[in-house]
2 protein chains.
Amino acid sequence: MPKEATIINNNRLIKLLKQNGLSITDSRKKILQLFLEQDGALSHGDIEKRAGEKFDRVTVYRTLQVFVDKGIVHTIPTADNSIRYALCKDECGEGHHHDHHIHFVCDTCNTTYCLDDVVTPEIKLPKGYSAGHVEVVVEGVCKNCQ
Amino acid sequence: MPKEATIINNNRLIKLLKQNGLSITDSRKKILQLFLEQDGALSHGDIEKRAGEKFDRVTVYRTLQVFVDKGIVHTIPTADNSIRYALCKDECGEGHHHDHHIHFVCDTCNTTYCLDDVVTPEIKLPKGYSAGHVEVVVEGVCKNCQ
DNA sequence: TAGAAAAAAGCAACATTGTTGCAAAAGATA
DNA sequence: TATCTTTTGCAACAATGTTGCTTTTTTCTA
Ligand SMILES: [Mn+2]
Ligand SMILES: [Mn+2]
Ligand SMILES: [Zn+2]
Ligand SMILES: [Zn+2]
């Protein structure tokens, strides 16, 4: 008999997937769970490792792509050429993300955080340029590594 | 007989390399030239293409690494998992970059610009986090694509 | 300016990461 | 449960990045 926490969690996963019009599959549940139980962001590699030997690499790629498309997770660019993914907490949906927070990468533990309370600043661009999305990534030392 | 412009350019390249304590080689001159005659930033792939069939892929990787180490070029993180490189115009040197400008990626032509006159904004972080470098990438439509 | 020493380039082999088409398996629907 | 639809796994492939070693080029000094 599974533990209470597991049941709740499983229901939450199913609800989230259904809300986004996705069919319920083991890989989607597992990967979504990884995001829910995680403070920071995850790279493709992290997910491959933590999802265990259970899923094919291709499935992870496709699942992440679906999650991004649906507005369930957003991507975070980093300097080391490895995209990180994190849960969207804002009202993102299919085809439009509205993540206006900044990101923080710890030099020490290498964790990537969404700083949901820090709003992206206004940037005054030179004449001729028009801004769409603004991405801010701060690198430094995080709360756990001071 | 080479043209005047070529000679000057060649001297400039040599000077720049010497200033940074690098020996003068064909690949370094060629790749540095690509940056000098380029408005936007270049990806590894761009450089491989434009440097022609003349150099080995490995040489391009190693040359870019040397340029970054020496503070001749800096890297720009992008959302599509392909690092761009651009000339440092600030006083960067071996082991320390001081690029405090923001970057702009055009949705239309996909060019990446260093906006040298737009200074990185101050970011107020939550308690416990200390900031090192701040990276701002704005995505939108550039001056040539309006 | 020739020759020795040092540095860089090229090459080959390999590792990692990402993509695509297709058949099998699993999920949704009625 | 049967049928239709979607997703997965697999295989093959492409692109990107890394490493060790040999050859070539550059630098340095006599
Ligand atoms: Mn985020
Ligand atoms: Mn720049
Ligand atoms: Zn940390
Ligand atoms: Zn443009």
Side-chain angles (χ1 to χ4, degrees), chain A residues 10-11 13-34 41-70 72-73 75-85 94 110 112, chain B residues 10-11 13-34 41-70 72-73 75-85 94 110 112:
Chain A
N10 193 50
N11 289 342
L13 295 171
I14 291 172
K15 191 179 154 202
L16 253 166
L17 290 172
K18 279 202 174 141
Q19 271 176 5
N20 286 281
L22 295 175
S23 44
I24 316 302
T25 70
D26 286 350
S27 51
R28 286 175 182 166
K29 281 200 291 183
K30 179 63 183 174
I31 292 173
L32 192 50
Q33 189 178 30
L34 289 180
L42 295 167
S43 68
H44 175 95
D46 293 334
I47 293 164
E48 240 186 274
K49 275 176 218 124
R50 299 195 202 184
E53 313 299 301
K54 215 166 162 328
F55 305 106
D56 194 86
R57 251 159 28 84
V58 178
T59 302
V60 176
Y61 281 112
R62 293 199 268 226
T63 303
L64 286 172
Q65 190 53 58
V66 168
F67 283 4
V68 170
D69 291 346
K70 290 289 184 179
I72 298 173
V73 303
T75 58
I76 305 164
T78 60
D80 69 336
N81 223 0
S82 75
I83 295 178
R84 307 295 177 92
Y85 300 82
E94 184 146 15
N110 202 34
T112 301
Chain B
N10 193 50
N11 288 343
L13 295 171
I14 290 173
K15 191 179 154 202
L16 254 166
L17 290 173
K18 280 202 174 144
Q19 270 175 6
N20 285 282
L22 295 175
S23 44
I24 316 302
T25 69
D26 287 351
S27 52
R28 285 178 183 166
K29 281 199 291 183
K30 180 64 183 175
I31 293 174
L32 192 50
Q33 189 177 31
L34 289 179
L42 296 166
S43 68
H44 176 95
D46 293 334
I47 292 164
E48 242 187 274
K49 277 176 218 121
R50 300 196 199 183
E53 312 298 302
K54 215 166 161 328
F55 304 107
D56 195 87
R57 252 158 27 83
V58 178
T59 301
V60 177
Y61 280 113
R62 294 201 265 226
T63 302
L64 286 172
Q65 190 53 59
V66 167
F67 284 3
V68 170
D69 290 346
K70 289 291 183 177
I72 298 173
V73 303
T75 59
I76 304 164
T78 60
D80 69 336
N81 222 1
S82 75
I83 294 178
R84 308 295 177 92
Y85 299 83
E94 183 145 17
N110 203 34
T112 303

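What you are looking at is a predicted structure, and each value in this text was computed from that prediction instead of being measured. Below, chain A is the first sequence line, B the second, and so on; all start at residue 1.
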Of the non-hydrogen atoms in B/Ala79 and A/Ile83, which two are nearest, and what is the gap between them? O-CD1, 3.2 Å

Tell me, please, the opening and closing nucleotides of DNA chain D, 5' to 3', among those with an atom under 4.0 angstrom from a non-hydrogen atom of chain B. D/dT16 to D/dT27

Below 3.5 Å is the cut-off: list the nitrogen or oxygen pairs between protein and nucleotides 3-10 of chain C, distance only.
{"unit_1": "C/dA8", "atom_1": "OP1", "unit_2": "B/Ser23", "atom_2": "OG", "d": "3.4"}
{"unit_1": "C/dA8", "atom_1": "OP1", "unit_2": "B/Arg28", "atom_2": "NH1", "d": "3.0"}
{"unit_1": "C/dA8", "atom_1": "OP1", "unit_2": "B/Arg28", "atom_2": "NH2", "d": "3.0"}
{"unit_1": "C/dA8", "atom_1": "O5'", "unit_2": "B/Arg28", "atom_2": "NH2", "d": "3.4"}
{"unit_1": "C/dA9", "atom_1": "OP1", "unit_2": "B/Thr25", "atom_2": "OG1", "d": "2.9"}
{"unit_1": "C/dA9", "atom_1": "OP1", "unit_2": "B/Ser27", "atom_2": "OG", "d": "2.2"}
{"unit_1": "C/dG10", "atom_1": "OP2", "unit_2": "B/Asp56", "atom_2": "N", "d": "3.4"}
{"unit_1": "C/dG10", "atom_1": "OP2", "unit_2": "B/Thr59", "atom_2": "OG1", "d": "2.8"}
{"unit_1": "C/dG10", "atom_1": "N7", "unit_2": "B/Arg62", "atom_2": "NH2", "d": "3.2"}
{"unit_1": "C/dG10", "atom_1": "O6", "unit_2": "B/Arg62", "atom_2": "NH2", "d": "2.6"}

Terminal helix-axis angle for the helix from C/dT1-D/dA30 to C/dA30-D/dT1, with five pairs defining each axis and rounding to 10 degrees: 40°

Between B/Leu22, B/Ile31, B/Leu17, which is the residue that forms a side chain to side chain contact (heavy atoms under 4.5 Å, CB included) with B/Val66? B/Leu22

note: A/Gln65, atom CD; C/dT20, atom P; distance rounded to Å ~ 11 Å

What residues form a salt bridge (charged side-chain N to carboxylate O under 4.0 Å, His left out) with A/Lys70, not counting sequence neighbours? A/Glu94

My understanding is that only residues two or more places apart in sequence, or in another chain, count here; which of them pass side-chain contact (heavy atoms from CB on, under 4.5 Å) with A/Ser27? A/Thr25, A/Phe55, A/Thr59, A/Thr63

Quick one: list whatever passes side chain to side chain donor-acceptor pair (under 3.5 Å) with A/Asn81, sequence neighbours left out. none

Provide, to the nearest angstrom, the distance between the CG atom belonging to A/Leu17 and the P atom belonging to C/dG27. 12 Å

Sequence neighbours excluded - salt bridge (charged side-chain N to carboxylate O under 4.0 Å, His left out) pairs with any residue from residues 43-63 of chain A: none

Sorted by chain and number, sequence neighbours left out, side-chain contact (heavy atoms from CB on, under 4.5 Å) with B/Leu16 holds for B/Gln19, B/Asn20, B/Leu32, B/Leu36

Identify, with sequence neighbours excluded, every residue that meets salt bridge (charged side-chain N to carboxylate O under 4.0 Å, His left out) alongside A/Lys30. none

Integer-rounded Å distance: C/dT16 P and A/Lys49 NZ: 11 Å

Counterpart residues, side-chain contact (heavy atoms from CB on, under 4.5 Å), relative to B/Asn110 (two or more places apart): B/Arg84, B/Val105

Under the side chain to side chain donor-acceptor pair (under 3.5 Å) test, residues paired with A/Thr78 that sit two or more places apart: A/Asp80

Residue pair A/Arg57/B/Ile83 against DNA chain D: nearer the 5' end by closest nucleotide is A/Arg57

